[in-house]
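To start, the structure itself, in structure tokens.
Letters A, B, ... are given to chains in the order of the sequence lines, protein chains preceding strands, and every chain is numbered from 1. Note: hydrogens, waters and symmetry copies are ignored here, and every other heavy atom, side chains too, is used.
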There are 2 protein chains.
Amino acid sequence: MELRQLRYFIKAKELLNFTEAAAQLFISQSTLSQQIKQLEDELGTPLFNRVGKHIYLTEAGDLFYKYALQCVKKAYDGYQVLKDLGNLEIGNLMIGTTYGLRHILSPAILAFHQQHPQITIDVVFGTSKELTDRLSKFELDFVLTFEEVTHNQNMKYQPLFSSELSLIACKGSPLAEKKSVALQDIQHLPLALPAKGFSTRKFVDEVFEKHHLTPQVNLETNDIPTLLELVGTGYWNTILAQTTVSNQKNLVSIPIRSLKTLQQAAIVSLHDVYEKQAVKAFFDVLLHLDLNELH
Amino acid sequence: MELRQLRYFIKAKELLNFTEAAAQLFISQSTLSQQIKQLEDELGTPLFNRVGKHIYLTEAGDLFYKYALQCVKKAYDGYQVLKDLGNLEIGNLMIGTTYGLRHILSPAILAFHQQHPQITIDVVFGTSKELTDRLSKFELDFVLTFEEVTHNQNMKYQPLFSSELSLIACKGSPLAEKKSVALQDIQHLPLALPAKGFSTRKFVDEVFEKHHLTPQVNLETNDIPTLLELVGTGYWNTILAQTTVSNQKNLVSIPIRSLKTLQQAAIVSLHDVYEKQAVKAFFDVLLHLDLNELH
DNA sequence: AGCTGTTATCGGTTTTATCGATTGATGTTA
DNA sequence: TAACATCAATCGATAAAACCGATAACAGCT
């Protein structure tokens, strides 16, 4: 068993297509096939079932994947530690964030970049679910989200701030003047909500569920800017964390009178994984941002 | 970077001698030297300092070791999972135990062997410190000890039973008739104690320390049977968990009147490591032993 | 039946891990 | 201090194995 073979296996598992995996690994399909076979021989059990054109994971393959991934990750962590030791000022950051937290991320990126201009940053937007899945595959360094994701033992949660769930309306609309609204008032409004998979959506559904109300969801989208644009037309309303629209001029957020509408924003990262210097430094920036200044 | 190289590095690090490490790895010294060099080149930093005949770890090597070890372990865990999947009834167990817990280990081994006769068992006796060190190097599956080892985040503690620290005396001796003794009475007795590194010894030292007393330690040994033999002569006494001598006919244990002499016996194992079926099964046996029956 | 997309296999090539022998450096001993 | 023993590094040669291209075998699709 060699790291090379584990890397091959991981890619093959993720694509479930040897030809494509081989291409991405820059080796021939023949080589990949042989190396997987060799690994299977050593483990004494097939990792893939070959049925016709397609392959799929065996139970053994499924079990083994986790260890293969962690093994490769440990090797990479070791490599990373030594890179960090030499020069703290190169490297890159892979940040996952939900749209609702971009207002805190932008100033953090700015501040971080001024301190560490050499470090490149990738920001990936997505739903909580998408992002935490990618986090588990070590494709991201950390994720910013409202922590309504199922609390996972392997993950570390660092709270940032909490935000009230609010009704978002266009400035011209009749609702805009209200100081607050009841959940009962909302249920008859035409709503445009974030798609399933967004933590906020899950949270909204749960709140309505708890009060035995069913909202009128006319529209769903996984693109929050689009959502806000739609609300800006005045035809729809939406429900988001109050902070999400704090810098939108044409929209207003109206507090909802209901229990437990407080969402906790947090940094989510993995336990038992080497934390790069750059990641530590970024956490530092995030946790020391003056949040009040932003709202 | 390949697992082969990490395995080579680990052995070299542990022996700090390329020639010997190569021999134990069944490769030539030349090969080892080259592979280490290749690894160092890839990591961009030396892992060893070569001064004259000797080598020692660089800071980078020290940092890297941890990851190399965990990486190799993850690969092995993956292998192990699949072996377990196929046939639950082969494999082996590496058990570390302090002498004080052998009375519980023997019946457990007996019971376990009757259920799983194919599984080979190695039992290693030693001090808590020796054993937990070996546990950290993945050389043991678990350790039985009085958990006075420093509580470590990476380790899991499953309590077994608690036992009073007692004065151990020969049956013929004048002390033998006493119902209990005070710590003050003990400080003038000639004592033979377990050597430093034994958790019980650490515990004893702490108890005396707390009461500002200094015991007369005439003799230390790291072999508990020898210790008991010496006590059997009547010239010395010792201090051990009461349960340690529960099946010694010529010795008696006398409770010590003092605060906090209760020691907790526990199974110590590592978090975040694959737990073999055999290990799970053994824990089951240990945790369901009728302890009262043994005392 | 013929086409396409897939994995397995075969034979040959290239890469590289390995070895034995040697060198050079450094403690140790007579 | 000279001879020796012990160690890691290096060199050239060899064996192992990773890799490739071509092809076969197979299954789904038209």
Does B:F142 have its ring centroid less than 6.0 Å away from the ring centroid of B:F283?
yes
Using salt bridge (Lys or Arg N to Asp or Glu O under 4.0 Å), reason through B:K137 and B:D133 one step at a time and then give a plain yes or no.
CA-CA 7 Å; B:K137 287 200 270 178; B:D133 282 355; over 6 Å; no
Distances under 3.5 Å between nitrogen or oxygen atoms of protein and nucleotides 20-22 of chain C:
residue: C:dG20; atom: O6; partner: B:S30; partner atom: OG; Å: 2.7

For a quick test of reading the model: is some side-chain N or O of B:Q35 closer than 4.0 Å to OP1 or OP2 of C:dA17?
yes
Euclidean distance, atom NE2 of residue A:H54 to atom C1' of C:dT4 [Å, nearest integer]:
12 Å
Between B:F9 and B:F64 (judged by ring centroids, cut-off 6.0 Å), do the two rings come close enough to count as a pair?
yes
Cation-pi between A:K13 and A:Y65: NZ/CZ under 6.0 Å from ring centre and within 45° of the ring axis?
yes
Close side-chain approach of B:V273 and B:D77, heavy atoms under 4.5 Å
yes
B:F125 side chain near B:V123 side chain, heavy-atom distance below 4.5 Å
yes
Going by number, which of residues 3-23 of chain B have a non-hydrogen atom under 4.0 Å from DNA chain D?
B:N17, B:F18, B:T19
Can we call the ring centroids of A:F18 and A:F48 under 6.0 Å apart?
yes
For nucleotides 24-27 of chain D, which of its nitrogen or oxygen atoms have a protein nitrogen or oxygen under 3.5 Å away, and what is each distance?
none

Could you tell me if the side chain of A:M94 sits less than 4.5 Å from the side chain of A:I121, heavy atoms only?
no
Determine the contact category for B:F48: base if any of its heavy atoms lies under 4.0 Å from a base atom, sugar-phosphate if only primed atoms, P, OP1 or OP2 are that close, otherwise nothing.
nothing
Interatomic distance, A:L39 CG vs D:dA18 P [rounded to whole Å]
11 Å
Under 4.0 Å from OP1 or OP2 of D:dA9: is there any side-chain N or O of B:R50 that close?
yes
Value in whole Å for how far the C1' atom of C:dA17 lies from CD1 of B:I36:
14 Å
Over how many whole Å does the gap from B:Q38 atom CD to C:dT18 atom C1' extend?
12 Å
Among C:dA17, C:dA8, D:dA8, which is the nearest nucleotide to the side chain of B:I55?
D:dA8
Find out whether A:T98 and A:I224 are in side-chain contact, i.e. whether some heavy atom of one side chain is under 4.5 Å from a heavy atom of the other.
no
Would you say that A:Y274 contacts A:V279 through its side chain, given a criterion of any heavy-atom pair below 4.5 Å between the two side chains?
no
Rounded to the nearest Å, what distance is computed from the CG atom of residue B:D41 to the C1' atom of nucleotide D:dA9?
13 Å
Using side-chain heavy atoms (C-beta onward) and a distance below 4.5 Å, is B:K156 in contact with B:E275?
yes
Atom pair distance, as rounded to whole Å: CD1 in B:I27 and P in D:dA16
16 Å
Whole-Å gap separating P (C:dG5) and CG (A:L32):
19 Å
